[in-house]
Amino acid sequence: MESDSFELRLSRAFYGRDTVTVARALLGQRLVRVTAGQRLSGLICETEAYRGADDEASHAFRRTPRSAIMFGPPGVAYVYFIYGNHFCLNTVTEDAGCPGAVLIRGIAPQEGLAFMRGQRPGVADVRLADGPGKLCRALNITVALNGADLITDPALFIETGEPVAEHEITAWPRIGVRGGAETRERPWRFVWSRAT
DNA sequence: CTCTCGATGCGCT
DNA sequence: GCGCATCGAGAGA
């Protein structure tokens with residue numbers, strides 16, 4: 001898997017499905033970042049689904065210049081800047097015209113540990129990328145990668161990882177969402193228990 | 001133009 | 001557990 005890993009990449013059809021389905025299916029897959037001439041990777045162990053007009057917590061609840069990318073074709077990276085300090089990485093889902101994205105909230109680091117430690121000095125290995133902002137810092141992901149096509153981009157993509165059994169997945173309410181009770185209580189945060 | 005506040009993380013208590 | 005840094009997107013005027 002070292003050199004050309006194109007055949008291992010998840011297909012556009014993988015992303016072009018129901019957002020909640022994709023959020024679950026992304027658990028166990030391998031997020032890969034190529035930067036400074038080296039491969040960094042980790043298995044996705046936590047995700048959240050964000051939909052469209054039916055999801056008050058989603059950026060795509062309203063169509064704005066920033067959220068327009070969520071209305072576009074699937075398999076594209078949506079990276080945004082938050083709290084003045086952090087970036088968050090999402091993958092666009094659903095067919096073009098139907099908004100949706102999955103927030104990647106955590107990975108279990110596999111390749112490039114030395115680089116990640118350099119990005120986050122003093123942090124224990126298991127915590128290098130266990131939050132949405134943390135993983136972007138560890139993998140050097142910024143808004144420069146907003147719009148990157150995960151099917152073709154050499155610097156950012158997702159490969160088939162390890163199979164995840166249904167009983168290893170737990171669903172929880174999403175973190176930090178405001179809005180009505182129904183919005184807050186939706187169990188659209190998925191955690192791969194085996195990885196943590 | 002101005003104001004509010006966030007799909008967070010870190011440091012301190 | 002709690003406060004705060006830090007700044008751009010989005011909304012209202």
Side-chain angles (χ1 to χ4, degrees), chain A residues 15 18-27 29 31 33 40 42 44-72 74-94 98-109 115-148 150 156 158 169-192 196:
Chain A
Y15 301 101
D18 167 76
T19 303
V20 175
T21 300
V22 176
R24 298 178 70 101
L26 277 173
L27 295 177
Q29 313 295 359
L31 176 67
R33 166 79 167 125
L40 318 173
I44 296 171
C45 53
E46 185 177 340
T47 61
E48 281 179 3
Y50 288 89
R51 309 221 308 181
D54 65 341
D55 185 4
E56 197 182 351
S58 174
H59 290 171
F61 181 67
R62 293 184 179 84
R63 183 166 183 154
T64 67
R66 185 179 64 162
S67 69
I69 193 169
M70 289 179 65
F71 293 74
V76 169
Y78 168 36
V79 183
Y80 64 87
F81 186 59
I82 190 74
Y83 291 117
N85 295 302
H86 310 288
F87 298 100
C88 290
L89 170 67
N90 303 250
T91 67
V92 175
T93 58
E94 312 267 2
C98 184
V102 173
L103 171 67
I104 311 296
R105 289 193 57 90
I107 64 171
F115 182 94
M116 296 187 206
R117 293 184 192 115
Q119 290 288 106
R120 312 196 63 238
V123 174
D125 286 357
V126 289
R127 304 213 199 287
L128 282 173
D130 66 344
K134 297 180 192 179
L135 80 86
C136 284
R137 171 67 71 183
L139 301 183
N140 193 25
I141 292 170
T142 71
V143 287
L145 286 166
N146 187 41
L150 302 175
L156 185 66
I158 303 178
I169 299 175
T170 50
W172 306 88
R174 293 171 293 182
I175 300 290
V177 308
R178 308 285 184 263
E182 193 204 359
T183 298
R184 295 197 313 271
E185 293 165 10
R186 280 170 166 165
W188 288 352
R189 173 185 176 221
F190 300 101
V191 178
W192 182 23
T196 57

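Reminder, nothing fancy here: chain letters follow the sequence lines and each chain counts from 1. Both backbone and side-chain heavy atoms feed into the values below; hydrogens, waters and symmetry mates do not.
Per the geometry, CZ belonging to A/Arg178 stands 13 Å off C1' belonging to B/dT4, to the nearest Å. In this structure, A/Glu48 atom CD and B/dT8 atom C1' are separated by 12 Å, rounded to whole Å. A straight line from CZ of A/Arg51 to P of B/dA7 spans 18 Å, rounded to a whole angstrom. Distance CZ (A/Phe87) to C1' (B/dT8): 13 Å, rounded to an integer number of Å. Here the C1' atom of nucleotide C/dA9 and the CG atom of A/Asn146 are 13 Å apart, to the nearest Å. Rounding to whole angstrom units, OH of residue A/Tyr83 and C1' of C/dA9 are separated by 13 Å. Taking atom CE on A/Met70 and atom C1' on B/dA7, their separation rounds to 10 Å, with Å as the unit. Per the geometry, CD1 belonging to A/Ile104 stands 14 Å off P belonging to B/dT8, to the nearest Å.
With values rounded to the nearest 0.5 angstrom, A/Asp130 atom CG is found 11.5 Å from A/Asp125 atom CG. Taking NZ of A/Lys134 as the start and NE2 of A/His86 as the end, the distance is 10.0 Å to the nearest 0.5 Å.
Between the side chains of A/Asp18 and A/Thr21, a donor-acceptor pair is found at a separation under 3.5 Å.
Remark: A/Arg66 is in phosphate contact with C/dG10, judged by side-chain N or O atoms under 4.0 Å from OP1 or OP2. Contact annotation: A/His59 does not reach the phosphate of C/dA9 (side-chain N/O to OP1 or OP2, under 4.0 Å). Of the side-chain N and O atoms in A/Arg62, none sit less than 4.0 angstrom from OP1 or OP2 of C/dA9. In terms of phosphate contacts, A/Thr64 brings a side-chain nitrogen or oxygen within less than 4.0 Å of OP1 or OP2 of C/dG10.
At least one side-chain heavy atom of A/Leu89 sits less than 4.5 Å from a side-chain heavy atom of A/Leu31. At a threshold of 4.5 Å between non-hydrogen side-chain atoms, the residues A/Leu103 and A/Cys88 count as touching. No side-chain heavy atom of A/Pro132 sits under 4.5 Å from any side-chain heavy atom of A/Glu48.
Side-chain atoms of A/Tyr80 and base atoms of C/dA9 include no donor and acceptor less than 3.5 Å apart.
With sequence neighbours left out, the side chain to side chain donor-acceptor pair (under 3.5 Å) criterion links A/Tyr15 to no other residue.
Aromatic stacking of A/Tyr50 on B/dA7: satisfied, with centres closer than 5.5 Å and planes within an angle under 30 degrees.
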With the criterion being N/O to N/O and under 3.5 Å, what pairs connect the protein with nucleotides 9-13 of chain B, and how long is each?
unit_1	atom_1	unit_2	atom_2	d
B/dG9	OP1	A/Pro132	N	3.1
B/dG9	OP1	A/Gly133	N	2.5
B/dG9	OP1	A/Lys134	N	2.9
B/dG9	O4'	A/His86	NE2	3.2
B/dC10	OP1	A/Arg120	NH2	2.2
B/dC10	OP2	A/Arg120	NH2	3.4

Note to self: Expected output check: what is the dot-bracket annotation of DNA chain B, where ( ) and [ ] are pairs inside the strand (brackets for crossing ones), | is paired with another strand, and pairs are Watson-Crick or G-U under 3.5 Å?
What the structure shows: ||||||.|||||.
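In this pair, A/Phe81 and A/Phe87 present their aromatic rings tilted. The plane angle is within the 30 to 60° band.
At least one donor-acceptor pair closer than 3.5 Å links the side chain of A/Ser58 to the backbone N or O of A/Arg51.
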